[in-house]
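Below you'll find the structure, written out as C-alpha cells, and then a few comments.
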Amino acid sequence: MAANGDYQKMEDVADGPLEPPFALGRLNDDKDGLLTGLTDARVAELVEKYGLNQVPEDKEPLWKMFLKQFIGPMQIMIECAALLCFLIQNWPDFTIIMILLVTNGVLGFIEEKNAQASVDALKAGLEKKMPVKRNGKFESIPVVQVVPGDVLFMRGGDIVPADCYWLEGDPCQVDEAALTGESLPVKVPRKDDEGKPFSGRQLWSGSILKVGECQAVVSHTGVNTMIGEAAKAIQEAGGKDIGVFEGKIIEAAQVLILITVLVVTFLFNFMYFAQNVPLVEVLEMSLSLVIASVPVALPMVMKVTLSIGAKELADEGGIVTHLTALEEIASMKCLCSDKTGTLTTAQMTVYYDETAKSYSGYSTEQVLEFASLASNEANKDDPIDAAVLRAYSKMKGAASVEAAIDKRKLEFALDKDGFIGFNPIVKRTCAAVTASDGTKWFCAKGMVDVILKTNPEDEGKQWTVADYEAMSQEAAKADADLGVSGFKTLGVAVSKNGGQMQFAGILPIMDPPRHDTKETIRKIKEAQVAVKMITGDHHNIGKELARQIDLGTDIRTPDCLHPPSDARDFIVLQADGFAKVKPLDKHEVVSVLQDKGLVVGMTGDGVNDAPALAKAQIGIAVHGATDAAKSAGDIVLTRDGLSPIYTAIQISRRIFKRLKSYVIYRICITVQVVFFLAALAIFFDLRFKALYIILLALFHDLQIVTIAYDHQIAGHRPETPTVLGLLLQSYSMGILMFAQTMLLVSCGHYFLSDRFADGYFASVDASAAGTEMDKYMETTIFLQISNSSAILIFSARTVGFFFSSMPAWQLALSTALGQVLINIWCLWAPSGLVDKLEPMDVLGIWLYDIAWLLLLDLVKIVAGRLWDKYKPASIDRNPALTARDRNSRRLSNNLRPSYMLAQVGDQKSGVEAQLTQAIDHVVGWLIESVIDSSEGKQGRVPIFARSFACLGSAMTDFKPFTAYIVDACRTAGGKRNGRLSGYHPAELGATVCDALIERTNVKAAEVEDVIFGCVSQVGAQSGNIGRGVVLSSRHLPESVPGQSVDRQCGSSQQAIHAAAQAVMSGVHDCCIAGGVEVMSQVPIGASIIDGLKAGHGNPMSDATMEKYAEKMKAFEQFNMSSQAFSQFGGAELLAKKYGLSREDVDKFAAISQQRAVTSTQAGKFADEIVPLPVRRKEGQSEGMHTQDEGIREGVTVESVAKLKAMFPNGVLTPASSSQICDGAAAVLICNERGLAKLGVQPLARIHSLALAAADPVIMLEAPIPATQKALQKANMKIQDVDVYEVNEAFASVPLAWCKALGADFQKLNVNGGAMALGHPLGGTGAKLMTTLVHELRRRQGRFGLLAICEGGGTANATIIELLPANLLSDLAE
C-alpha cells in the first residue's frame, strides 16, 4: 500500500509479489513435468508460502464503525448540548436532541456498512469448485484452495479461477470483456505480445472460457491476480468519505462553533463571576448558545434532501446506493466512462452499407449473404456469427434471425458435411451450399489475409483468390483504412460451380455506440463536465468511437501513464480518453484527476471497472453491470444508456442549491442570536430567556426540513463550495440581522406601543442590571427574531430579491404555518411563558422585518457580486477543460458578460433582470477591456467589443473579419526511401485534407480553396500540386479549385498567410492551407537540376551573380564555390556572425533529438498525426506509420561531437542539419461567417502576419527581422509569446534567432525540430503550425510564434493566439 493510502499494484511493492514456483521457461522445456500437478505435501508448502486463493480482508468491527458516527466537532457539540440539558434536567430538549443524534448516527452507520459489499461480491466469484490435478489425478476441489503450480482442467463456460498459463488442449476463445473491455473473445494460445514472452498463453482470473477445453498451470492466486488486485483496490478505496459540500459545511460550522465557544466562555465568566448569576441560569444561557450555534438538524436536512433527490433519480433510471454520491455529482468536473457496455451496446454490429467493400462484381448485400451462409446459426455464443446473422436478418427485413434463416434455406441448401466451423488455427469458416437453381457455391469468411490466400500448413481447404497480386494490395489498403477508422474486419470469398475462389469483399464490424450516447455526452459537456473514455479495447477502435460520439479524438495509451510526472498529469487532464488500459490503469487515471482537485465520476459495468468505481467520488454502474461493479458503485443505472447521469447532474445541482440555502439561513440566524445575546449582556447588562433561544433553534430547524422540496434551477457549471464564500454571504447577512434586532432593542420604544416603551425603560434602569429584560419587551424581541428568521429562508434561497423566485409550496406552507402558530401564541399567551402582545406591535414587527428583508437582499446581492468578482478563478475553472476552454488571464470566468447573462437569467425577470443585465454587461466589459489594454494586446479588443455589442450599442455594426484556425493535422515524417516514399505527393496531401474534414465533421463543399505549398514543383509535384491534392481527395469535390505556392522552405507558411488574407478580406470564408513534399521521389533542387540538364537556364541572372559576387567569396573559407548561392554557406556564415561554436550547435542538435524522443514517448504528437498505412517506393506495405521516422534515441552531445564537420573551418555536421523528409500537413482556416456556416469552434486565431527579406548570401537571417515585424504589428514583446517554432534548417538558424531577440531558449522548439523530426520543405510551415497549435493547447499557453528561413534570403513570421472554446457564443452575441 502506498504511503498516501492509494492502492499499489503488487509488482510495485518492495517485498512482492512472490514469483510462481516454476520458471516460465518450463512451459516449453518441461511441459510434461508441469502437467503432473502437485502432491498434497507440496500443496501444504505452497499454501504456507502463498496463502489461499482469496482476498484477505481487514474488516472494521461493527461496534467500532457505529461508535465512529458519534465522533466529530458537530457531534460533540450536540452531545454537549444534550449533557447540559441533562444537568439542568431539561427533559423535552434532551429527548429531541438525542433523537436527532441517534438518527444521524444510524444513517451514517448504514452508509458505511454498505461499502463492505463490494469486496464480498468479488470474492463470491472465487467460491466455486474446479477439477485440479492432485497426486496424479484430477479432483474437484474449491477454487479457494488452488495454489500456484496446480494444473486445472477447464471447459467452455468455466470462469478462470486464478491467473494461469495454457499448457495443452484445444485452441480456446476467452471472454475478457469484464477485465479488459475487449469486445471480442481473445484466442488462447496466440502469438505473444512483443517483449512479453508467453503472454499469448495467459489466462486471467475472472475471464470466461467460451470455446474449447484445456489444461492450464496456475501462476498467481488471490491478491496477486488481476481480479485480486481489483478487489484489493476496492478494499483500499472502500468506505466513501464525506461529500465535498458536506465537508465545506462542516468546516463552516466549525468556524461558527469556535466563535460560539469563545462567546460562551466569555459570557460564562462574565455572568457567573461578574454578575453573580446562579449557576443553573448560566448553564441555561450556555445551553441556549450551544443549541443556537449547532445546526442540530443539518444531518437530517441533508439526508431528507438527498433521499428525495434519490427518489427523483430512481424514477429516471438510477438507484442511489450511497447518498453522498448524489451530493458529490453537483461538484463533479470530470466523468470517466468505460466503453464496452457503457458508451456502446456491447453487441458487435456488421455494416453492409457504403462502409463495406465489395469486389469481383459483387454487391455489399451479396457479400453479407455469402458471409451468412458461412455462419453457424446453431452457435449463438459466437459473437461474429451472431453479428453476421443479425445484420443479414436486418438486411432482409425479417422479424427475427430465425425467420431470415428459414427464408434463406428456401434459396440455399447446405450440402452434406458442407459446413466447416471456426478454429484458431485455420481462422475461417466455410460452407458448401446449393442454390435453388442448382448453382454450387462455396463461401468462406475470416481474417482478410487468410481469405485472400490460405496457409498451406493448416489443415483446412486451400485456395488463392483470383488476381491475387492486385486484389491483395487493394484489400490490404481497404483493410488498413478500416482499421484506422476503428473497425474490425471480416473477409469474404466465394467460388461458383467449383471455379477459382474470388474475393467478394470486406465487412466492417464494430460495437456501435448506444443511441443516446452522443446526445448525453453533448449535454454533459454543456454542463461544463469533462468526459473521458477509458477502455481496454484497441486504440483505433476507441478513437473511432470517440469521433462518432463527438467525445474528442485525443485518445492515449497507458504508456503515457508511467512514470508519474507533471507532464503525465497534464496528459491525463487534457486527453479525451485512454485505450488498451488494465484495471489499475483506470484506477491511476482517477487518482491523478483527484490529485488535481477534481471531483471525479466513473462509469463501468465489469470487474475491470470496479477499482476505479470504488476510487472515484461517484461510481456509476451502468445497466447490466456485474455484481462487483454494482457493489463498488454509488449509483446503479436501471436503464440502458447514460441519460440518467445527466439527470443526476441536474438533480444534484438543485440539491446543492437547496442545501446551500439552508446553510446560509442557519449561519445567519446563529450569528444573529449569538451576537445579540453577547451584546445584550455586555452593553445593556441584561439577559434573555434561554427557553426562547431553545424554542427558536429547534422550531426553525424543524420548519426548514421542507427546503428539500424547494424549487431550484440547476447551475450551468459544477458547483464548487468554499468556506470563505459561504461565510462571506452568511456572516454579512447575519451581522445585519443582529443589527436589526439590536436596533429594535435600542429604538423600538420610538415606534412601538407604550407597553414596549415601559418595558424598555424598566429594563435599562440601573436597578435592573444583571437581570432578565422586561417580559413584554422580551416577548416582542422573541417574535421579531422568530419572524425575521422564518422569512429569511425566502432571501437565502435566491441570488436576487426574495420575490424573484417562487418557493415550493411545502416550504411556504411550513414557514407560514409555523409563524401563524407563534404569532397566535404571542397574541393570546395561553401558557404564560410569553406576555400577551398588542396587535399593533405584532403588525409593527412584521412591517419592520419585511423592510429589513429588502435591505438584507441588497446586502446579499452586493456580497454575492463581490465574491463572484474577486474569488479565485480556479474555483470555477475546470482543469480538465482548460485545453479547450481557457480563461486563465481573466480575473474570474464569471466576469464574462455571456456568463453573467446566463446567471441573471436563472432567477430574475422583468425590470430587475434588465437592470442587472445592463450593469453586469457594462462592468464585465469594462474590466475585461482594462485587463486587455494593460496587457497591451491589440487583438483582444474586437472579441470583447462584440460581447459589448450585446447591449445594443452602435458597435453591433462593427464586424471585422478575423482568420481562425479550426484544426490542423500532419503526417508523421518519413525518412528518405522510408515508410511514405511510395505515396504520390498529391495523394499524401489529400490524406491530411481528408483527415481535417473528418476530424472537424465539416461539409467538404464549403471549402472554397485549397492552397498548398511545395518547393520542387517538377515531376510528380508539378502541374499545380494544390489542384492535384483536391482531385486525389476522397471528400473534396472537384468544384474546389486548388492552387500552389512556392516560397521555398516557407511555402506552406505562405499558404497559411494567403488563406488567412483571403478569409480576412471576405473573399473566402473557409480555406484549407497546407503543404507537401515527397523528397524520396522529387529530391531537393530537382527543379533547378532538371532545368539545367534540359538547357532551360540558371534561375539566377548574370546581373544577380555579378551583384553579389564579392559577398559570395566568403564561402571560400569553408572550401565552397563562390559561384553560387548556398544555404550551407549561409548557415556557416550565420554561425560565425553570431559567435556560435561547434559545441553550441552540437548541443542544440542533441537537445532537438532528446526533446523529440521525450515528446513522442509521452504521446504528445498523437492528436496531430494522421496514421497512414506504410507504403514504400518498392511497393512494400506493412503496418501503420504513426511516428516520425527520423527520431534517434540515445543521441548525446558526445555522440554528435564525434561527427566530422561537413566543411573545413565549419561548425555544422549532418546532425546539426535538417533531415530529408517525406510529409504533408494541412490547416483549416475560417472567418466568422465560415465558423457559423460550418458550426465549428476555432482552436486559435491568426494574430499577426509578417514578411521580411535580408542578405541573400547569408540567406538564413531573415526570420529575425520577420519576427520583429510581427511583434511590432501585434504591439507585443518576445517575452509575451509562450511557445516559439523556428525551423531548424540548420542549428545555427534558431540559435542566432534566439540570441538576436533575447528569446527564452526553454520556449524554443520544445518538442524538437527538423534536425530530429525532418524538414519536408514545402510542407514544413503547415507541419510546424500544426505542432504549435497543439502545443499551446497542451501547455495552456496563449500566444505562439512561427518563423521559417527561406531560400533567397526571405522569411515568414506568424503569431497565433489560442482561444477559449466558447468563442462562438461570444461571436453570436
Point to revise | Phe370 and Tyr362 aromatic centres sub-6.0 Å | key: yes
**Study point:** Residues which pass salt bridge (Lys or Arg N to Asp or Glu O under 4.0 Å) with Asp479, listed by chain and number, not counting sequence neighbours
**Key:** none
Exercise for review: Taking the six-membered ring of Tyr983 (Phe, Tyr or Trp), confirm whether the NZ or CZ of Arg1175 is under 6.0 Å from its centre and within 45° of its axis.
Suggested key: yes
Exercise for review: Establish, yes or no, whether the cationic atom of Lys496 lies under 6.0 Å from the six-membered ring centre of Phe442 and within 45° of the ring axis.
Suggested key: no
Note, [X] side chain near [Y] side chain (heavy atom, < 4.5 Å):
X	Y	answer
Val174	Ile208	no
Val465	Gln502	no
Cys172	Leu209	yes

Practice item. Can you spot which of Asp385, Val450, Leu507 makes a side-chain contact (heavy atoms from CB on, under 4.5 Å) with Lys445? Key: Asp385
Check your understanding: Are Lys409 and Glu377 ion-paired here, with the side-chain N under 4.0 Å from a carboxylate O?
Key -> yes
Review point. With a 4.0 Å cut-off, would you call Glu1038 and Arg1027 a salt bridge?
Key: no
Check your understanding: What residues, two or more places apart in sequence or in another chain, satisfy side-chain hydrogen bond (donor to acceptor under 3.5 Å, both in side chains) together with Gln1081?
Key -> none
Practice item. May I have the step-by-step check of salt bridge (charged side-chain N to carboxylate O under 4.0 Å, His left out) for Arg976 and Glu1189, ending in yes or no? Key: CA-CA 10 Å; Arg976 180 167 53 184; Glu1189 201 174 359; over 6 Å; no
